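Report on the structure given below.
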Protein chains: 2
Amino acid sequence: MEIDRRRNIVEAAEKSFSLFGYKATTMDQIAKLANVGKGTIYTFFKNKEELLQFIMEELIKEMKTAAEETYDKNISFHKFVHRAIYKMLEYRMEHQLAIKLFEEGKFGTPEVVEALKYFEDAIVNYISHIIQEAINKGFIHPCDPKITAYIILKMYVALIFDWEKNNPSLSKEEIADLMNLYIFKGLAVS
Amino acid sequence: MEIDRRRNIVEAAEKSFSLFGYKATTMDQIAKLANVGKGTIYTFFKNKEELLQFIMEELIKEMKTAAEETYDKNISFHKFVHRAIYKMLEYRMEHQLAIKLFEEGKFGTPEVVEALKYFEDAIVNYISHIIQEAINKGFIHPCDPKITAYIILKMYVALIFDWEKNNPSLSKEEIADLMNLYIFKGLAVS
DNA sequence: CAATGACCGAAATACCAAAATGGTCATTAA
DNA sequence: TTAATGACCATTTTGGTATTTCGGTCATTG
């Protein structure tokens with residue numbers, strides 16, 4: 001069977017990026033790992049950055065399908081939103097690549113910052129889409145879907161990533177309850 | 001009249017910190033600005049870090065009184081919360097020192113990171129206090145005041161600082177409406 | 001005796017040679 | 001003929017070091 005060089009390259013790059021980060025991964029290294037001459041990489045990808053972007057797009061697609069698999073007609077709308085978003089963030093946390101890049105991004109490599117912005121945008125757009133549908137169906141109050149999606153994401157990140165830096169971390173259920181309280185029910189006593 | 005060296009030092013430091021940041025401010029510079037020998041600074045403050053902390057404490061106190069001044073028995077509870085928090089963030093945004101340190105903190109100087117954590121804690125505690133009172137009075141649903149305060153702060157920061165990095169910035173009123181929708185009313189259609 | 005600035009060790013910075021890296025392209029192997 | 005390759009090049013990064021700067025001290029001073 002003919003070997004799929006392109007696939008090998010992508011997988012080698014993914015492995016190396018997630019293990020050592022973007023900056024610390026060299027093209028020679030990727031070529032070695034992929035059992036391929038370095039020049040070959042450039043027949044498939046214009047440069048290192050494009051290779052990263054391709055991998056990010058793959059990752060985003062995987063996340064979306066993962067989220068969509070949680071869809072279930074029998075659960076309430078907000079449960080779905082919660083599950084889907086949680087699944088996506090879980091992905092982000094568990095996936096080596098995402099973690100490494102997330103750390104690297106805080107620091108400063110421009111390509112990585114760019115890639116992460118792209119990543120965040122993809123998530124926000126996806127959530128935004130769900131919100132819009134929910135509004136159309138009259139499940140939730142009308143609101144700007146984009147901002148709402150953004151806020152929901154930030155809130156999750158705050159609860160999952162930031163809060164546990166200085167406090168005992170919250171369980172999946174606690175986070176679900178909190179999101180439900182803050183975003184869906186609201187604090188106000190009717 | 002006898003000159004107040006201590007006051008001069010604090011003001012010089014504050015000015016220099018907010019103009020050039022903590023790291024880029026030298027003790028010599030402060031001494032010059034304060035018309036004081038360098039050694040004199042050390043008769044009032046143990047070191048540079050303590051000087052920063054003193055200034056931060058002053059800033060926090062100022063912010064609290066500024067927030068408290070917005071209290072008005074005739075406005076609704078959530079209006080008060082909003083006004084108070086907004087005032088505090090406005091302070092943070094407008095005050096040169098806070099901005100400079102905020103930028104510097106993202107980067108990494110340990111003392112600045114520490115000081116900002118202290119700053120954030122102070123805000124969260126203050127909000128937390130207000131929340132607790134509101135719960136006691138039955139204005140809002142029972143909830144963990146600390147987490148709630150934390151979330152509210154994060155949400156504001158997301159709306160004021162982060163959102164406008166990639167989107168048209170929101171007006172005071174828009175932010176007020178959004179906070180009201182997300183936190184108080186909730187998205188759910190009753 | 002409060003105030004000071006010359007002084008000190010440590011830490012940051014500037015500098016530069018050597019090594020590494022991203023990307024190209026003439027050569028090779030199929 | 002064409003896809004694959006790795007030696008090669010220009011540029012960037014690194015590692016080590018000489019130099020400067022800075023936070024903090026303390027003997028001297030007014």
Side-chain angles (χ1 to χ4, degrees), chain A residues 1-56 100-101 103-105 107-115, chain B residues 1-56 100-101 103-105 107-115:
Chain A
M1 171 203 162
E2 193 58 29
I3 44 169
D4 186 348
R5 295 174 201 282
R6 187 186 162 96
R7 195 72 237 148
N8 285 354
I9 290 168
V10 170
E11 270 164 24
E14 200 174 332
K15 188 177 282 180
S16 189
F17 283 159
S18 42
L19 223 48
F20 309 113
Y22 176 79
K23 200 181 168 192
T25 294
T26 69
M27 294 304 260
D28 282 299
Q29 207 176 122
I30 295 173
K32 276 257 171 60
L33 256 175
N35 268 91
V36 143
K38 186 163 63 153
T40 310
I41 299 178
Y42 291 88
T43 66
F44 295 113
F45 301 94
K46 211 174 81 226
N47 53 36
K48 195 181 178 186
E49 190 176 355
E50 210 177 67
L51 183 51
L52 172 65
Q53 269 172 2
F54 178 81
I55 292 173
M56 289 298 277
K100 251 290 183 299
L101 292 184
E103 281 167 11
E104 209 175 333
F107 204 30
T109 326
E111 292 102 313
V112 178
V113 173
E114 185 85 6
Chain B
M1 173 203 160
E2 192 59 27
I3 44 169
D4 185 348
R5 295 173 200 280
R6 188 187 161 97
R7 196 69 236 151
N8 285 353
I9 290 168
V10 170
E11 271 163 24
E14 201 173 332
K15 187 176 282 180
S16 190
F17 284 159
S18 41
L19 223 48
F20 309 113
Y22 176 78
K23 201 182 168 192
T25 294
T26 68
M27 294 304 260
D28 282 299
Q29 207 176 121
I30 295 173
K32 277 259 170 59
L33 256 175
N35 269 92
V36 143
K38 187 162 62 152
T40 310
I41 299 177
Y42 291 87
T43 66
F44 295 112
F45 301 95
K46 211 174 81 227
N47 52 36
K48 195 182 177 185
E49 190 176 356
E50 209 176 68
L51 182 52
L52 173 64
Q53 269 172 3
F54 178 82
I55 291 173
M56 289 298 278
K100 252 291 183 300
L101 292 183
E103 281 167 12
E104 210 176 333
F107 202 31
T109 327
E111 292 101 311
V112 177
V113 173
E114 185 85 5

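Remember, it's a predicted structure, so these values are computed and weren't measured experimentally. Values below: every heavy atom of this structure, side chains too, minus hydrogens, waters and symmetry copies.
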Self-check item: Check against salt bridge (charged side-chain N to carboxylate O under 4.0 Å, His left out), B:Glu104 and B:Lys100
Solution: CA-CA 6 Å; B:Glu104 210 176 333; B:Lys100 252 291 183 300; over 6 Å; no
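- Listed candidates were C:dT4, C:dG22, D:dT5. Nearest to the side chain of B:Val36 is C:dT4.
- Taken from CD in B:Glu50 to CD in B:Gln53, the straight-line distance is 7.0 Å, to the nearest 0.5 Å.
- At whole-Å resolution of the value, CG in A:Asp28 and C1' in C:dG22 are 9 Å apart.
- Projected onto DNA chain C by closest heavy-atom contact, A:Lys46 and A:Gln29 fall at different nucleotides, the more 5' of which corresponds to A:Gln29.
- Comparing A:Gly39 and A:Met27 by the nucleotide of DNA chain C whose heavy atom lies nearest to each, the residue mapping closer to the 5' end is A:Met27.
- Rounded to whole angstrom, the span from the CG atom of A:Asn47 across to the P atom of D:dT11 amounts to 17 Å.
- In this structure, CD1 of B:Ile3 is placed 13 Å from C1' of C:dT4, rounded to the nearest angstrom.
- OP1 or OP2 of C:dA3 lies within a sub-4.0 Å distance of a side-chain N or O belonging to B:Arg5.
- Of the listed nucleotides (D:dG23, C:dG22, D:dT5), C:dG22 has the atom at the smallest distance from the side chain of A:Tyr42.
- Here the side chain of B:Lys23 pairs no donor or acceptor atom with the backbone of B:Val112 at under 3.5 angstrom.
- Here D:dT12 presents its P atom at 14 Å from NZ of A:Lys48, a figure rounded to the nearest Å.
- When the P atom of D:dA3 is taken as reference, atom CD1 of A:Ile41 falls 18 Å away, rounded to whole Å.
- Here the CD1 atom belonging to A:Ile55 is positioned 10.5 Å from the CD1 atom belonging to A:Ile9, to the nearest 0.5 angstrom.
- The CD1-P distance, from A:Ile30 to D:dG6, rounds to 16 Å in whole Å.
- Among the nucleotides C:dA3, D:dG24, C:dG23, the one closest to the side chain of B:Thr40 is C:dA3.
- Judged purely by atom type and a 3.5 angstrom limit, A:Gln29 has no side-chain atom pairing as donor or acceptor with the backbone of A:Ser16.
- Taking atom CZ on B:Phe45 and atom P on D:dG23, their separation rounds to 15 Å, with Å as the unit.
- The interatomic distance linking A:Lys38 (NZ) with D:dA3 (P) rounds to 21 Å, in whole Å.
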